[in-house]
Trainee: 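Dropping the structure in here first, questions after.
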2 protein chains.
Amino acid sequence: MNAKERFEKFVTRKGLRRTLQRERVLEVFLATERHVTVQELYDLVRKKHSGIGYATVARTVKLMCESGVCRQVDFGDGSHRFEHKHGHEHHDHLICLECGKFEEIYSPELEKIQDRLVRKYGYIQESHKLDVFGLCPRCSKKKRK
Amino acid sequence: MNAKERFEKFVTRKGLRRTLQRERVLEVFLATERHVTVQELYDLVRKKHSGIGYATVARTVKLMCESGVCRQVDFGDGSHRFEHKHGHEHHDHLICLECGKFEEIYSPELEKIQDRLVRKYGYIQESHKLDVFGLCPRCSKKKRK
DNA sequence: TTAGATATTGATAATCATTATCAACTATAA
DNA sequence: TTATAGTTGATAATGATTATCAATATCTAA
Ligand SMILES: [Mn+2]
Ligand SMILES: [Mn+2]
Ligand SMILES: [Zn+2]
Ligand SMILES: [Zn+2]
């Protein structure tokens with residue numbers, strides 16, 4: 001099952017309707033590898049399909065998140081961004097405070113310890129979000145000068 | 001050095017001025033142990049000092065964060081909350097998706113592995129934020145029924 | 001202690017993102 | 001095909017944050 005199928009299935013299962021607008025928003029979202037805001041996605045959508053409204057894009061982003069195709073990432077600068085989730089391994093983020101660049105990081109060991117910790121508190125983990133802020137190699141070199 | 005001294009020192013060092021309003025906002029913030037929004041802090045402040053404006057509270061919160069007295073916590077529900085930082089050990093959060101309750105968690109082991117991971121990418125860590133979402137013991141029991 | 005330079009304040013307006021509204025339209029099942 | 005109910009796009013409403021500005025307070029240097 002690819003992301004498109006997953007979304008369609010979700011929409012149907014929820015008793016919602018498959019529309020051309022939703023399909024187009026999804027396609028444009030899947031076609032970019034950036035972490036986009038709603039406004040940025042709206043701008044991308046408008047380049048190809050000028051009739052689609054902002055509200056529809058925002059509503060579709062919400063659906064894409066619920067369906068598991070998409071997830072929200074916030075890097076602490078106040079803007080809400082969205083990235084692909086379906087077909088992508090879980091990962092956390094390492095963000096440079098100086099230039100804004102980021103890395104997608106992952107460590108099974110880290111995840112394992114997290115799980116243990118959560119279980120110790122009697123919680124059942126649904127998801128988690130780890131953002132590390134600091135300086136990237138390039139910016140830390142610059143700073144040391 | 002306590003939180004108050006730290007804040008005053010920060011204000012002075014920055015060439016800013018010590019004012020009664022800033023002192024009062026800080027005092028009210030330090031007197032609560034909750035994770036408050038700006039609006040909630042404003043409401044608390046107004047109970048004691050009716051003349052202080054919303055803008056002043058918001059501006060002071062920003063300064064408190066810069067000074068290290070306070071830090072922002074976002075639990076993914078869109079609201080920005082603030083908690084004590086000075087004199088408090090670093091901790092992460094474990095949030096119940098059902099009832100909104102949360103735990104403050106900490107694991108030296110987890111932190112150590114995080115550090116190693118960050119260094120592997122050549123980054124210098126400044127801070128990090130880990131939020132785990134799931135079900136608290138009570139809510140997971142309810143769900144199983 | 002005083003005076004002047006400059007930061008601060010509180011009220012309000014502006015801004016920005018998100019959400020609600022609603023009439024026209026359309027997907028879906030019968 | 002038709003009836004039902006979800007969807008759309010434009011726009012208004014909302015809510016949070018930030019900018020503006022004249023009055024006021026702080027701080028420093030004389
Ligand atoms: Mn990512
Ligand atoms: Mn906390
Ligand atoms: Zn950098
Ligand atoms: Zn709970």
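Here is how names work: the chains are called A, B, and so on, in the same order as the sequence lines, proteins then strands, and each is numbered from 1.
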Trainee: Would you please name every residue forming a salt bridge (Lys or Arg N to Asp or Glu O under 4.0 Å) with Glu27(A), sequence neighbours left out?
Mentor: Lys4(A)
Trainee: May I have the distance from Tyr42(B) (atom OH) to dA16(D) (atom P), rounded to whole angstrom?
Mentor: 13 Å
Trainee: Take the protein atom CG of Asp74(B) and the nucleotide atom P of dA17(C), then report the distance between them rounded to whole Å.
Mentor: 17 Å
Trainee: For the side chain of Arg59(B) and the base of dG10(C), is some donor closer than 3.5 Å to an acceptor across the two?
Mentor: yes
Trainee: Would you check if the side chain of His86(A) reaches a backbone N or O of Met1(A) as a donor-acceptor pair within less than 3.5 Å?
Mentor: yes
Trainee: Salt bridge between Glu23(A) and Arg18(A), side-chain N to carboxylate O under 4.0 Å?
Mentor: no
Trainee: Test of understanding: with salt bridge (Lys or Arg N to Asp or Glu O under 4.0 Å), list the residues that count as partners of Arg6(B), not counting sequence neighbours.
Mentor: none
Trainee: May I ask you to evaluate whether His80(A) reaches the phosphate of dT18(C), defined as a side-chain N or O under 4.0 Å from OP1 or OP2?
Mentor: yes
Trainee: In residues 46-54 of chain A, which residues come under 4.0 Å of DNA chain C by heavy atom?
Mentor: Tyr54(A)
Trainee: With side chains defined as the heavy atoms from C-beta onward, is the minimum distance between Ile95(A) and Lys101(A) less than 4.5 Å?
Mentor: no
Trainee: Determine to 10° how strongly the helix from dT1(C)-dA30(D) to dA30(C)-dT1(D) is bent, judged from the axes of its five-pair ends.
Mentor: 40°
Trainee: Between dT9(C) atom P and Glu23(B) atom CD, what is the distance in whole Å?
Mentor: 12 Å
Trainee: Measuring centre to centre across the rings, with the benzene-like ring taken for any Trp, is Phe102(A) within less than 6.0 Å of His93(A)?
Mentor: yes
Trainee: Near DNA chain C, counting only heavy atoms under 4.0 Å, which residues of residues 9-21 of chain B show up?
Mentor: Leu16(B), Arg17(B), Thr19(B), Gln21(B)
Trainee: How close or far is atom P of dA17(C) from atom NZ of Lys62(A), stated in whole angstroms?
Mentor: 16 Å
Trainee: Are the side chains of His35(A) and Phe82(A) in contact, using a 4.5 Å heavy-atom criterion?
Mentor: no
Trainee: For Arg17(A), check salt bridge (Lys or Arg N to Asp or Glu O under 4.0 Å) against everything at least two apart and list the hits.
Mentor: none
